[in-house]
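Read through the structure below, which is laid out as structure tokens, and then see the notes.
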Number of protein chains: 2
Amino acid sequence: MDNLTEMLKGVLEGCVLEIISRKETYGYEIVKTLNALGFEDVVEGTVYTILIRLEKNKLVDIEKKPSEIGPPRKFYSLNEEGWRELSMFWEKWGYVSSRLTQLKEDSRV
Amino acid sequence: MDNLTEMLKGVLEGCVLEIISRKETYGYEIVKTLNALGFEDVVEGTVYTILIRLEKNKLVDIEKKPSEIGPPRKFYSLNEEGWRELSMFWEKWGYVSSRLTQLKEDSRV
DNA sequence: CAATGCTACTCTGTATTGCTTAGTACCACT
DNA sequence: AGTGGTACTAAGCAATACAGAGTAGCATTG
């Protein structure tokens, strides 16, 4: 799927929160997870800026750990505020999603 | 629902296209339609910038008509390219939407 | 006829977000 | 020494939605 950029605004951060919520993980792995999920064009630069934002907004805890196959990794996990934010994200998504679905369905009547 | 701003990026234009596709309409009415649809905080400034963008991208035909209850209205209708864009929008939406749903469902397993 | 309120459009500037591009650096393998 | 995969950083750009102010037509009310 081409050029989803604009449509990903506002949802990509939520996806990253969701991925982190599953298990402690790090930037590079998050990129691969997103790619595997179908967001194939999401690149490192994008994810790292999101991670920095999450850190600045105090939604994550961070722990640096060495890796055996490369440079050290920064592991992210959600803190309490992060869980709240994730919950709010899904709530918003549900709202917007249902309105869009409704709009689309109406068009077929 | 509060502060959907970021999540509306990339979908609001599609909503406007969809609304125009139903019947020839004008900016002010589009705002009211969006508000009624559940996008209550969408204001005129936002819609008019979208309409100007649609015009610039040659996705709409425009006709100015007088109104009996106020200033004249600029009526918008989709041209062929507009219909193509609308179709692409729903395709993209379907894609993103299904990935998000999948991500959310996975989290409950 | 002045004031108010609804209708209707225009314009300037701002914040946020994701993307691009480039760079640094660690490690394993050949 | 060179290559390729791993892993993070950082500066600048483009697109979008929003805020806020202004202009203007028309109807109703006092």
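We use all heavy atoms of the structure for the numbers below, so side chains are in, but hydrogens, waters and symmetry mates are not. Letters A, B, ... mirror the listed sequences (proteins, then strands); counts begin at 1.
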[X] has an atom [atom1]; how far is it from atom [atom2] of [N], in whole Å?
X     : N      : atom1 : atom2 : result
B:E29 : C:dA8  : CD    : C1'   : 12 Å
B:L51 : C:dT10 : CG    : C1'   : 12 Å
B:N3  : C:dT16 : CG    : C1'   : 11 Å
B:Y28 : C:dG5  : OH    : P     : 14 Å
A:I30 : C:dG18 : CD1   : P     : 13 Å
B:E13 : C:dT17 : CD    : P     : 20 Å

- Message: Quiz question: going by heavy-atom distance under 3.5 Å, is there a donor-acceptor pair between the base of C:dT16 and the side chain of A:K9?
- Response: no

Check: protein-nucleotides 19-22 of chain C nitrogen or oxygen pairs below 3.5 Å:
from: C:dC19; atom 1: OP2; to: A:T46; atom 2: OG1; distance (Å): 2.8

- Task: Specify the residues of residues 73-85 of chain B, ordered by number, for which at least one heavy atom lies under 4.0 angstrom from an atom of DNA chain D.
- Result: none

- Message: Counting C-beta onward and ignoring hydrogens, is there a side-chain heavy-atom pair between B:Y76 and B:L54 closer than 4.5 Å?
- Response: no

- Message: I'd like to check A:W93 versus B:L4 (side-chain heavy atoms, cut-off strictly below 4.5 Å). Are they in contact?
- Response: no

What protein N or O atoms touch nucleotides 24-30 of chain C N or O atoms at under 3.5 angstrom, if any, and at what distances?
from: C:dC27; atom 1: O3'; to: A:E68; atom 2: O; distance (Å): 3.4

- Check whether any side-chain N or O of B:Y48 sits under 4.0 Å from OP1 or OP2 of C:dC11, and answer yes or no. no

- Message: If the condition is side chain to side chain donor-acceptor pair (under 3.5 Å), which residues does B:E29 pass it with, not counting sequence neighbours?
- Response: B:K23, B:T25

- Find the distance between SG (B:C15) and CD1 (B:I30) and round it off to the nearest 0.5 Å. 11.5 Å

Please list, chain by chain and in numerical order, all residues satisfying side-chain contact (heavy atoms from CB on, under 4.5 Å) with [X], sequence neighbours excluded.
X      : result
A:D41  : none
B:T101 : B:S97, B:E105
A:V31  : A:N35, A:E44, A:V47

- Task: Identify whether the distance between the nearest side-chain nitrogen and carboxylate oxygen of B:E13 and B:R53 falls below 4.0 Å.
- Result: yes

- Could you walk me through whether B:S21 and B:E18 pass the side-chain contact (heavy atoms from CB on, under 4.5 Å) check? CA-CA 5 Å; B:S21 80; B:E18 175 64 39; 3.8 Å; yes

Using a 3.5 Å cut-off and no angle test, enumerate the donor-acceptor pairs between side-chain atoms of residues 59-70 of chain A and protein atoms at least two apart in sequence or in another chain.
from: A:K65; atom 1: NZ; to: A:E24; atom 2: OE1; distance (Å): 3.0
from: A:S67; atom 1: OG; to: A:I69; atom 2: N; distance (Å): 3.1

- Query: Any donor-acceptor pair under 3.5 Å linking the side chain of B:T46 with the backbone of B:V42?
  - Reply: no

- Taking only residues two or more places apart in sequence or in another chain, which ones pass ring-ring contact (aromatic ring centres under 6.0 Å, His included) with B:Y26? B:F75

- Message: Run the ring-ring contact (aromatic ring centres under 6.0 Å, His included) test against A:Y28 and tell me which residues pass, sequence neighbours left out.
- Response: none

- Query: What pairs of residues pass the salt bridge (Lys or Arg N to Asp or Glu O under 4.0 Å) test when at least one of them lies in residues 84-95 of chain B, not counting sequence neighbours?
  - Reply: B:E80-B:R84, B:E81-B:R84

- Task: Under 4.0 Å from any heavy atom of chain B: name the first and the last nucleotide of DNA chain D that qualifies, 5' to 3'.
- Result: D:dT16 to D:dA27

- Task: Please figure out whether B:I52 or A:G14 has its closest DNA chain C nucleotide nearer the 5' end.
- Result: B:I52

- For B:I50, report the nucleic acid contact type (base, sugar-phosphate, nothing); a contact means any heavy atom under 4.0 Å. sugar-phosphate

